[in-house]
Amino acid sequence: MKRGVPVCAVRDLVKTYPAMRGRRGAAQAPAVRANDGITLDVHRGEIFGLLGPNGAGKSTLVRQLTGLLRPDSGGISVLGHDLVRHPERAARLLGYLGQESTALDEMTVALAVETTGRLRGLGAREARAERDAVIDELGLADLTGRALKKLSGGQRRLACFATALIGERPLLVLDEPTTGMDPVARRAVWAAVDRRRAERGVTVVLVTHNVLEAESVLDRVAVIDRGRVIACDTPGGLKEMVSDEVRLELVWRDRPPLEVPEVAALEAAAHASGRRWTLRLPADRARSAVAAVTAGPAFAALDDFTLATPSLEDVYLALGGRAEGLVKA
Ligand SMILES: Nc1ncnc2c1ncn2[C@@H]1O[C@H](COP(=O)(O)OP(=O)(O)OP(=O)(O)O)[C@@H](O)[C@H]1O
């Protein structure tokens with residue numbers, strides 16, 4: 001499919017945080033290559049996800065996209081603007097919700113949203129009208145007079161999301177927007193994103209390490225690991241990469257009974273986390289593994305087991321990613 005010029009094009013982006021000299025006697029923190037040659041295109045109206053565990057380099061990437069951090073090398077183009085040469089243009093082109101936003105903490109919700117609107121060039125009346133509309137849309141009406149710093153984590157996040165929306169930028173860059181939110185707030189966020197995409201063709205770049213969220217809301221996903229894009233496709237396309245496999249989870253009561261030969265034979269293929277083993281196996285091997293562990297001496301040591309079709313997490317593991325930083329809920 002021909003898709004035209006991408007809204008956001010990233011080319012071979014490299015960012016290394018320099019080594020930090022330790023204070024007297026303390027160890028030196030080595031340099032970290034947080035982005036190691038990232039290339040991707042995001043198209044108009046896409047909800048494009050960056051998925052990866054803690055420390056993969058997602059926030060580093062979006063902070064460069066938003067003009068807040070300068071890359072060592074590589075290119076970033078947003079709506080035809082070169083943001084490496086002109087990072088100051090980012091504020092006009094995109095709305096950004098970072099992981100931490102304390103700048104507006106002293107303001108009330110209403111003032112924070114309105115002020116952001118004014119900073120984005122809205123006139124006074126327009127800013128107030130958009131403020132009221134966004135606050136209503138997100139269900140924040142009861143909190144308008146409260147200072148951001150006095151809100152709960154999830155409420156505060158939702159209020160900051162409101163500030164990212166005001167001024168209706170054509171690109172939204174959202175770094176884990178729903179962290180700490182209850183299901184009602186989450187739904188409000190996804191509905192607001194969807195509406196802007198449907199009505200205005202707004203494009204969204206979204207950082208997440210939540211696999212379930214990624215599967216349900218994203219059009220395409222770049223899987224990031226150690227500063228590199230290790231795969232990029234639709235969630236369905238990524239899952240097809242491992243579609244002949246199923247995921248078998250075995251939870252042992254105590255420790256796995258490695259003295260049972262059938263269990264010992266599975267150990268090499270298992271990803272162990274506490275009492276839980278996760279295995280990705282071809283369907284027929286998974287069936288025989290279940291038969292082996294649900295009969296005989298292994299069964300006494302087994303607490304629970306599940307067989308499931310692959311998830312994005314399985315794709316991620318199959319690609320050689322590390323599972324620890326991905327969350328499933
Ligand atoms: N200001 C900084 N100085 C030095 N190293 C940094 C800095 N910011 C991030 N890093 C390191 O760069 C790497 C990538 O970090 P980054 O925050 O981009 O990851 P992330 O994928 O967003 O992780 P998370 O899911 O935890 O937010 C990590 O090893 C991190 O420790």
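When a ligand or atom number is given, it counts from 1 through the structure's own listing order. Being a predicted model, the structure only gives us computed values, none of them experimental.
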Participant: Which pair of non-hydrogen atoms, one from Ala91 and one from Arg169, has the smallest distance, and what is that distance?
Facilitator: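 So the two residues come closest at O-NE, 3.1 Å.
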Participant: Who gets closest to atom 14 (C) of ligand 1 by heavy atom: Gly227, Ser59, Gly55?
Facilitator: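 Closest candidate by heavy-atom distance is Gly55.
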Participant: Could you find the nearest protein heavy atom to atom 18 (O) of ligand 1 and give me its residue, atom name and distance?
Facilitator: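 The closest one turns out to be Thr60 OG1, 2.5 Å.
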Participant: Which bit of Val32 is near ligand 1, meaning a heavy atom under 4.0 Å away: side chain, backbone, both or neither?
Facilitator: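 Within the 4.0 Å criterion, Val32 contacts ligand 1 through side-chain atoms alone.
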Participant: May I ask you to check whether over 12 heavy atoms, not counting those of Arg11, lie within 6.0 Å of atom CZ?
Facilitator: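 Counting other residues, nucleotides and ligands, CZ of Arg11 exceeds 12 neighbours.
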Participant: Heavy-atom count around Phe299 CZ within 6.0 Å, excluding the residue itself: above 12?
Facilitator: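 No - once you tally the heavy atoms of other residues, nucleotides and ligands closer than 6.0 Å, there are 12 at most.
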Participant: Judged by atom type as modelled, is there a donor-acceptor pair below 3.5 Å linking the side chain of Thr115 to the main-chain atoms of Ala112?
Facilitator: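 No, the answer is negative, given that no donor and acceptor are paired below the 3.5 Å cut-off.
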Participant: For ligand 1, which atoms have a heavy atom of Lys58 less than 4.0 angstrom away?
Facilitator: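 Counting atoms of ligand 1 from 1, those under 4.0 Å from Lys58 are 18 (O), 19 (O), 20 (P), 21 (O), 22 (O), 23 (O), 24 (P), 25 (O).
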Participant: May I ask you to list the atoms of ligand 1 that are less than 4.0 angstrom from any heavy atom of Gln99?
Facilitator: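 Within the 4.0 Å cut-off of Gln99, ligand 1 contributes 27 (O).
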Participant: At their closest point, which heavy atom of Gln99 faces which heavy atom of Ser59, and how far apart are they?
Facilitator: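 Gln99 and Ser59 have their closest heavy atoms at NE2-OG, 3.4 Å.
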Participant: Would you say that Val14 contacts Arg33 through its side chain, given a criterion of any heavy-atom pair below 4.5 Å between the two side chains?
Facilitator: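 Val14 vs Arg33: side chains touch.
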Participant: How far is atom 6 (C) of ligand 1 from the closest protein heavy atom, and which atom is that?
Facilitator: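 For this ligand atom, the closest protein heavy atom is Tyr17 CD1, 3.2 Å.
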Participant: I need the atoms of ligand 1 closer than 4.0 Å to a non-hydrogen atom of Ala56, numbered in the order shown.
Facilitator: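 Those of ligand 1 that fall under 4.0 Å from Ala56 are 19 (O), 20 (P), 21 (O).
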Participant: Would you mind telling me which of Arg228, Gln64, Arg226 makes a side chain to side chain donor-acceptor pair (under 3.5 Å) with Asn35?
Facilitator: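 Testing each of Arg228, Gln64, Arg226 against Asn35, the sole residue satisfying side chain to side chain donor-acceptor pair (under 3.5 Å) is Gln64.
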Participant: Just to be sure I read this right, does ligand 1 sit under 4.0 Å from the backbone of Ala29, its side chain, both, or neither, counting only heavy atoms?
Facilitator: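 No part of Ala29 comes within reach of ligand 1.
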Participant: Which residue holds the protein heavy atom closest to atom 26 (O) of ligand 1, what is that atom called, and what is the gap in Å?
Facilitator: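 Checking every protein heavy atom, the shortest distance to atom 26 (O) of ligand 1 gives Asn54 ND2, 2.9 Å.
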Participant: Protein heavy-atom contact under 4.0 Å for atom 31 (O) of ligand 1?
Facilitator: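 Given the 4.0 Å limit, the answer for atom 31 (O) of ligand 1 is no, no protein heavy atom qualifies.
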Participant: For Glu176, counting its heavy atoms only, list the atoms of ligand 1 lying under 4.0 Å from any of them.
Facilitator: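 Once the distances to Glu176 are compared, the set is 25 (O).
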Participant: With heavy-atom distances below 4.0 Å as the criterion, list the atoms of ligand 1 near Ala34.
Facilitator: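 Numbered from 1, ligand 1 contributes 12 (O), 13 (C), 14 (C).
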Participant: Any idea which protein heavy atom is nearest atom 19 (O) of ligand 1, and the distance to it?
Facilitator: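 Looking at atom 19 (O) of ligand 1, the protein heavy atom closest to it is Gly57 N, 3.2 Å.
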Participant: Is it true that, when you exclude Asp142 itself, more than 12 heavy atoms of the residues, nucleotides or ligands shown sit nearer than 6.0 Å to its CG?
Facilitator: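 No - once you tally the heavy atoms of other residues, nucleotides and ligands closer than 6.0 Å, there are 12 at most.
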Participant: Any donor-acceptor pair under 3.5 Å linking the side chain of Glu199 with the backbone of Arg196?
Facilitator: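 Flag not set: sc Glu199 to bb Arg196 has no pair under 3.5 Å.
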